[in-house]
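Structure first, commentary second.
Just so you know, ligand 1 is whichever comes first in the structure, and atom 1 is the first atom listed for that ligand.
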Amino acid sequence: MGNVSKTHRNLALLCISMALAATIAAGNFNRDVDITWGDGRAKIVDGGRGLSLSLDQYSGSGFQSKNYYLFGRFDVLMKLAPGNSAGTVTTFFLASEGPSHDEIDFEFLGNSSGEPYTVHTNVYSQGKGDKEQQFRLWFDPSAAFHKYSIVWNPHRIIFMVDDIPMRVFNNEAASGVPFPTSKPMRIICSLWNADDWATQGGRVKTDWSKAPFTAHYRNIGISGRPCGSAAACGSGVDTFSNEAWQTQGLDASGRNRVRWVQQKHMIYNYCTDRPRFPQGIPVECRRSRF
Ligand SMILES: *[C@@H]1O[C@H](CO)[C@@H](O)[C@H](O)[C@H]1NC(C)=O
């Protein structure tokens with residue numbers, strides 16, 4: 001076979017594998033998730049391209065991925081409940097099961113009309129969290145769909161909003177900081193009432209005359225090797241195909257963007273909450289390396 005046709009064949013293979021990667025990433029709620037609670041308040045719409053969750057004074061609602069993943073990239077478009085959403089919490093997170101669980105959280109804390117939502121992020125490893133960072137968004141998350149992503153690879157966790165990195169949590173296990181690398185996680189999303197703490201420290205309660213509250217999810221995208229059960233994921237070794245998220249980090253422009261978000265839009269950072277850590281700030285906070 002001549003070089004030219006070899007090149008063509010390689011190009012064709014590349015196109016096929018890119019097309020496959022694209023199919024894997026374009027998920028479908030019918031195929032990929034189970035509605036887990038809410039007694040009819042969660043609805044899959046538009047042939048599986050969308051899902052809506054609602055909350056009233058009797059119940060919230062939620063769904064989770066059918067599969068577990070050990071590492072992956074998880075994307076979803078979300079449009080949060082508009083107007084007076086005080087007391088409500090809308091979530092998109094990853095969590096393992098069982099004791100000393102791991103978790104990677106995106107939570108959106110509602111607010112009174114005209115007041116901004118708070119984006120709450122946290123990472124739990126081996127059952128221990130205490131790594132909260134909170135942000136305000138640079139847009140109204142209830143006015144339109146925006147994309148929220150979690151990249152979780154053996155090197156780092158990246159929280160992204162519209163592909164702009166908001167937070168990076170590096171694997172610093174070598175310095176004794178626990179990092180989730182062995183417990184497969186599921187995607188879990190919910191809309192629920194947390195008016196005992198969510199809004200302005202619990203001072204602003206949910207106004208049930210505005211119920212039902214509705215949050216919309218669209219275009220769920222999952223890139224990672226699906227395992228039907230946590231045990232089926234096996235060990236944490238990357239043996240699956242080469243995909244960008246597996247080594248995804250930040251280039252110079254990513255570092256600039258995360259700095260911009262952290263300087264202009266971060267409203268709470270556990271790393272600077274000295275009274276909370278009388279023994280000294282956590283190890284991973286001592287170096288601010290993206
Ligand atoms: C709600 O708005 C108030 C006033 O702007 C702000 O202090 C608070 O952080 C906002 N978010 C939540 C979840 O309370």
Side-chain angles (χ1 to χ4, degrees), residues 38 41 52-62 76-95 103-124 129-150 157 159-162 164-167 169 188-217 257-277 281 285:
R41 291 174 181 81
S52 65
L53 293 182
S54 76
L55 162 72
D56 56 41
Q57 65 195 107
Y58 307 105
S59 179
S61 51
V76 75
L77 302 185
M78 294 171 68
K79 184 156 88 113
L80 306 180
N84 183 357
S85 57
T88 70
V89 175
T90 313
T91 69
F92 163 47
F93 65 103
L94 304 179
E103 193 172 304
I104 303 172
D105 287 334
F106 246 139
E107 298 190 328
F108 302 82
L109 317 184
N111 218 332
S112 327
S113 293
E115 300 298 334
Y117 267 85
T118 292
V119 181
H120 175 96
T121 64
N122 203 355
V123 175
Y124 284 76
D130 297 334
K131 299 185 187 333
E132 299 86 355
Q133 286 187 353
Q134 295 185 334
F135 304 84
R136 294 269 164 74
L137 293 164
W138 42 97
F139 52 82
D140 173 0
S142 69
F145 282 97
H146 288 269
K147 181 177 168 191
Y148 303 91
S149 314
I150 297 172
I157 292 163
F159 295 86
M160 291 189 291
V161 174
D162 291 331
I164 296 174
M166 165 173 267
R167 174 175 186 182
F169 184 78
I188 305 181
C189 297
S190 53
L191 172 58
W192 53 291
N193 176 43
D195 68 0
D196 50 336
W197 60 269
T199 303
Q200 300 176 36
R203 287 189 300 280
V204 184
K205 301 296 175 195
T206 306
D207 177 357
W208 294 116
S209 74
K210 302 288 188 306
F213 300 94
T214 305
H216 301 276
Y217 295 75
R257 293 173 136 200
V258 80
R259 269 188 218 111
W260 171 76
V261 177
Q262 299 230 332
Q263 281 164 12
K264 299 275 195 272
H265 301 283
M266 183 154 68
I267 56 170
Y268 177 79
N269 183 2
Y270 75 111
C271 285
T272 55
D273 192 350
R274 289 177 177 274
R276 200 173 151 192
F277 301 101
I281 58 164
C285 299

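- The protein residues lying under 4.0 angstrom from ligand 1, judged by non-hydrogen atoms, are L109, G110, N111, E115, P116, T118, R136, A198, T199, Q200.
- Aromatic ring pairs are classed by plane angle as parallel below 30°, tilted from 30° to 60° and perpendicular above 60°; the pair H216 and F145 is perpendicular.
- Checked against the 6.0 Å centroid criterion, the rings of F108 and F106 qualify as a close aromatic pair.
- Taken from CG in N122 to CG in D105, the straight-line distance is 5.5 Å, to the nearest 0.5 Å.
- To the nearest 0.5 Å, the span separating NE2 on H120 from OG1 on T91 amounts to 11.0 Å.
- Using modelled atom types and a 3.5 Å distance limit, the side chains of Q200 and N111 yield a donor-acceptor pair.
- With rounding to the nearest 0.5 Å, the separation of CZ in R167 from CD in Q134 is 10.5 Å.
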